[in-house]
Amino acid sequence: MPELPEVETIRIGLSQYIIGQTIKDVDILWSKFLSVEQVNSAVIGQTIKGLERRAKVLIIALSNDYSLLVHLKMTGQMVLVLADGERFAGGHPTDSMAADLPDKSTRIVFAFAGGDKLYFNDQRKFGWIQLLPTVEVLTHELVGRLGPEPLTNDFTLTGFSKVVKRHPGSPIKAVILDQSTVSGVGNIYADESLHLAKIHPAVKAGDLSGAQIKRLHAAIKTIIAAGVEHGGTSFAHYVNALGGKGDYLDNARVFNQTDKPCPVCGTPIIKIRVAGRGTHVCPKCQKAPR
DNA sequence: CACTTGACCTGTCCGC
DNA sequence: TGCGGACAGGTCAAGT
């Protein structure tokens, strides 16, 4: 679920609470990668030095020069419950953000020396946490093959244009969902970006004009920046065990807006399937390929 | 090689 | 109410 804006919102939110905290204990209820041995030898007793993000991956740097990498995939959540009961949560929106934890979706629990607890919840078990030496993080295959961050200068029109032309037969939506093209764009922001650029998601990448590629490049930057600005689509703020949401989806142009009017022309939004994913388009603003 | 589909999991919603 | 199937904001591996 979480795309770049959601993960960035989680990073910013968690940073102020967990940086400097010492991990007293880790309880692994289920894990794909992180093992009890790793936790015992390189996590417990360490202090959190920093919290970074690369695309949709959260990187928790520890004082012993190891890092914990977290990928939330579709349904992952990070929920911080402070010793006084208040909480801070981000990820897939479910009731468990406000429920008593651990619950049946809780996979890993980090307990801090001061009494705060950080829960990694993930209903579908697609997400993971793994441990790597910090020096290997950026070159590891998990993040080393990711394309440029959309909000940095690394994401150039020239580079984007080259990648688009390299996949002439793929629907353009598939190209921008590919994390090696531009990292951090997922299904929501792909639909939003394509609508802003007035490009139909099923158009073959090779059929796009230079002007269209330029519009899409700009649209991706605009849409991702707006997502970060709004705190993502699904986010429980730091409030008394209540939760609440990031408000991006309230302002979504097309995503999840089936049958609602297009914000540009008023035509009802339709839902189709492109590149194996549910896809929302305005049939008037985004001309279907023939 | 380029591109598409299935698999990974659990849960929910929708039609019969 | 029960049951089957489709689908869910991600990413790989395997298939055509």
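Sequence lines set the chain letters: A, B, ... in the order given, protein chains first and strands last, and positions in each chain run from 1.
- For the pair A/K104 NZ and B/dT12 C1', the computed distance is 11 Å after rounding to whole Å.
- Rounded to whole Å, the separation between the C1' atoms of C/dG9 and B/dC3 comes to 23 Å.
- When the P atom of C/dC7 is taken as reference, atom CG of A/N256 falls 15 Å away, rounded to whole Å.
- Rounded to an integer number of Å, the gap from CG of A/N187 to C1' of C/dC7 is 12 Å.
- Taking the P atoms as reference points, B/dT5 lies 15 Å from C/dA6, given to the whole Å.
- The distance between atom CZ of A/R124 and atom C1' of C/dC7, rounded to the nearest whole Å, is 8 Å.
- Sparse packing is recorded around NZ of A/K284, with 12 or fewer heavy atoms of other residues, nucleotides or ligands lying under 6.0 Å away.
- In this model, the phosphate group of C/dT11 is approached by a side-chain N or O of A/H71 to a distance below 4.0 Å at OP1 or OP2.
- Within the 4.0 angstrom heavy-atom criterion, no nucleotide atom of any strand lies near A/G127.
- Here A/F126 lies parallel enough and close enough to stack on the base of B/dC8, with planes under 30° and ring centres under 5.5 Å apart.
- Remark: C1' of C/dT11 and CZ of A/R277 are 9 Å apart, rounded to the nearest angstrom.
- Look at A/F255 and the base of C/dG9; the rings do not stack under the cut-offs of 5.5 Å between centres and 30° between planes.
- Across A/T267 and A/P283, no two heavy atoms sit closer than the pair CG2-CG, 3.8 Å.
- Using a 4.0 Å heavy-atom distance criterion, A/R145 is classed as making no nucleic acid contact.
- Between A/L177 atom CG and C/dG10 atom C1' there is a gap of 9 Å when expressed in whole angstrom units.
- The A/M74 side chain lies nearest to C/dG9 when the options are C/dG9, B/dC3, B/dT10.
- Atom NZ in A/K173 sits about 9 Å away from atom P in C/dG10, given to the nearest Å.
- Proximity of A/K56 to the phosphate of C/dT11: a side-chain N or O atom is located under 4.0 Å from OP1 or OP2.
- The number of heavy atoms from other shown groups lying within 6.0 Å of CZ (A/F160) is above 12.
- Applying the Watson-Crick and G-U wobble criteria (two distances, each under 3.5 Å), C/dG9 pairs with nothing in any strand.
- One can place CG of A/D178 at 10 Å from P of C/dT11, the figure rounded to the nearest angstrom.
- Salt-bridge check for A/R253 with A/D191: failed, with every basic side-chain N at 4.0 Å or more from each acidic carboxylate O.
- Nearest approach of A/T106 to A/L29, heavy atoms of both residues: O-CD1, 3.5 Å.
- Atom C1' of B/dG11 sits at a distance of 23 Å from the matching atom of C/dC12, rounded to the whole Å.
- Residue A/K271 is classed as a sugar-phosphate contact, given heavy-atom separations below 4.0 Å to backbone atoms only.
- Across all strands shown, A/K204 has no heavy atoms under 4.0 Å from either base or sugar-phosphate atoms.
- An OP1 or OP2 oxygen of C/dA8 is reached within less than 4.0 angstrom by a side-chain nitrogen or oxygen of A/R273.
- Among the protein residues, A/G276 comes within range of no part of the nucleic acid, since none of its heavy atoms lies under 4.0 Å from any strand.
- The P atoms of B/dC1 and C/dT11 are separated by 24 Å, rounded to the nearest whole Å.
- Enclosure of atom NZ in A/K214 is not indicated, since only 12 or fewer non-hydrogen atoms of other residues, nucleotides or ligands lie within 6.0 angstrom.
- Between A/P201 and A/Q286 the shortest side-chain heavy-atom distance falls below 4.5 Å.
- Within the 4.0 Å cut-off from OP1 or OP2 of B/dC9, not a single side-chain nitrogen or oxygen of A/Q123 is found.
- For C/dT11, neither phosphate oxygen OP1 nor OP2 lies less than 4.0 angstrom from any side-chain nitrogen or oxygen of A/K73.
- Backbone-only contact: A/P171 has heavy atoms under 4.0 Å from sugar-phosphate atoms and none from a base.
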